[in-house]
Amino acid sequence: VKARTKRPAATGAAGVEVEIAGRRLVLKNLDKVFYPQAGFTKGEVIEYYARIAPVLLPHLRDRPLTLKRYPEGVDGMSFYEKRCPRHRPKWVHTEPVWSEGNDEFIDYCVVNDLPTLVWAASIADLELHTSLSLARAIDTPTLLVFDLDPGPPADVVTCCKVALVLRRLLDRLDLEAFPKTSGSKGVQVYVPLNVPVSYDDTKPFAHAVAQVLERAHPDLVVERMKKQLRAGKVLVDWSQNDPHKTTVCVYSLRARPRPTVSTPITWAEVEKAARTGRGDALTLEASDVLRRVERFGDLFAPVLTRRQKLPDAKGIERAAAR
Amino acid sequence: MARAIWSGALTFGLVNIPVKLVTAVTQKEVRFRMLHDADGGRIRLKRICVVDDAEVPYEHVVKGYEVSKGKYVAITAEELEKLDPKATRTVDIHDFVELGGIDPIYYEKTYYLVPDASAAKAYALLLEAMRRSGKVALATFVLRTRELLCCVRPLEDALALSTMNRADEVTPVSSLDLPKRAKPSERELAMAEQLVGSLAAPFEPERYPDEHRERVLELLRKKAEGETIEAPEPERAPAEVVSLADALSASLAAARRRGGDTAPHERAAAPPGRGERRHRPAAAARTAGRKKPARKKRS
């Protein structure tokens, strides 16, 4: 994204044709406000994604992407789109993934470069939801995820407390984990694997971990989905470790009132929030995240490369007993 | 022969007859294009959003179902596809019923079923059996994404397939506000019957051509000899291509003037904590140099 000052380009409904890394794209309605409460426009959404691209693209690379589009902004209706829109530019790369439900291959968008990312932003794909697998090895999750979802009045601080006990348990299993905010109310804990493993391994493992946590901290943790069980507690959602599920990608914007981002955070930040009881420092918006990345780089980089093996079920019991 | 619009098999019990579906009826309505009277240019339709009056590109059009006045549920093609019936490729016969038992109100559109060469015998057998019994087959099949009810019946040497309306789509006579049934006298009835008898004739549909269509076509033929409107090619302005930064700059400047909150947040500058084991902060510093995102000058 080169900075050149030229006459202002027309950006109305007719759109303006831009060239990004040799690809051409028509951008329209850049002034349209997508986040009314923050006055954050479509142009700013595109700018955010263009600037965050260097750290975001490695996490999108080769993964089937589910779009979550908000054509009228965050207050309007939205829809998930697994099938890459037919009206895509020719150069948008897709990968066929077998869909059990549809009994056919679905061509997913795969975002491997800046032009594709800008295109996705330009069709109001505010949220990027990725598979835990790469398209070419769809049965092999490269990571394991625990989605910590607070049931009010539990909040992000409660999530941090649960994240810390989860981390302690994973630590005893010799698994290093990496926390990120969901960009909404929760926290997600990622365990990089990057070894040959299947969902038949990861899902039961994640379930067992969640059960152990619930048993150890019944006041804090719940592992079943039921809404009435969740009040004041944190759901440790293990079920996302599934070939059919997606999780919001790190650095994705969320369709919240303000342009918050699913942001990698450090364990020290998690500890601080749990200790002080103040979670507002963990609500990070697009501009905050760009600034953090400039300073600290990609805190989630190890998630892409760290190779870790899951212990067997006995290992979990032993770790829990300790 | 007409092109097959579907191929599959007609099935009942253990019988399986490979067939193709071809159109049996072609509408011959005269169709017009819309032109601009001033220059003869073709008229193109645009989808305009009533909220901002701007054109809406196809990818931003979703389907909405009006649940109550002005309230919609949006649904995507994806969600609908999940409900689509499985394309079974078979016309499944469920029952054989009397042809006379089906009122024409149920008939929609008619096709022919043409058998594969290998299935000629089974096809002829079914056809003859239906002819002798005077029964027709009620069946279902999936055409594209819809499961259709249909009736299969012998028509000369072919089997015809007529798609049918569903029972709940047909307005029952009982819902009409009809005058009370008057009782005619025997004498009046005899006279009416005599009148009907005097106009009785065999059904010869070719005796009833669409005269209006003929007249319209005749007029068009005459006009075509005298004057035809040449539709000019639309002019296309060569598009100007700019960089992404240029495209964004004007829009972003305006957004920031409007007070879009992009002021630095104090918390953003807070370092990721000290006392981190393993990666922090060395890894952060390492990646910081390498993965620094390009920073765009604010205009």
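It should be emphasised that the depicted structure is a prediction, and the values quoted were computed from it without experimental measurement.
- Within the 6.0 Å centre-distance limit, the rings of A:Y190 and A:F300 are counted as a close aromatic pair.
- Each of A:E81, A:R69, A:K42 has some count of heavy-atom pairs under 4.5 Å with chain B, and the biggest count is that of A:R69.
- Of the atoms belonging to A:V270, not a single heavy atom falls under 4.5 Å from chain B.
- For a residue to count as touching a neighbouring chain, one of its non-hydrogen atoms must lie under 4.5 Å from one of that chain's; by this rule A:R88 does not touch chain B.
- With sequence neighbours excluded, the residues forming a side-chain contact (heavy atoms from CB on, under 4.5 Å) with A:Y80 are A:T66, A:K68, A:H129, listed by chain and number.
- If you measure heavy-atom distances from B:D52 to chain A, the contacts under 4.5 Å come from the side chain alone.
- Judged as a side chain to side chain donor-acceptor pair (under 3.5 Å), and not counting sequence neighbours, B:Y112 has no contacts.
- Taking the ring centroids of B:W6 and B:F141, they lie under the 6.0 Å cut-off.
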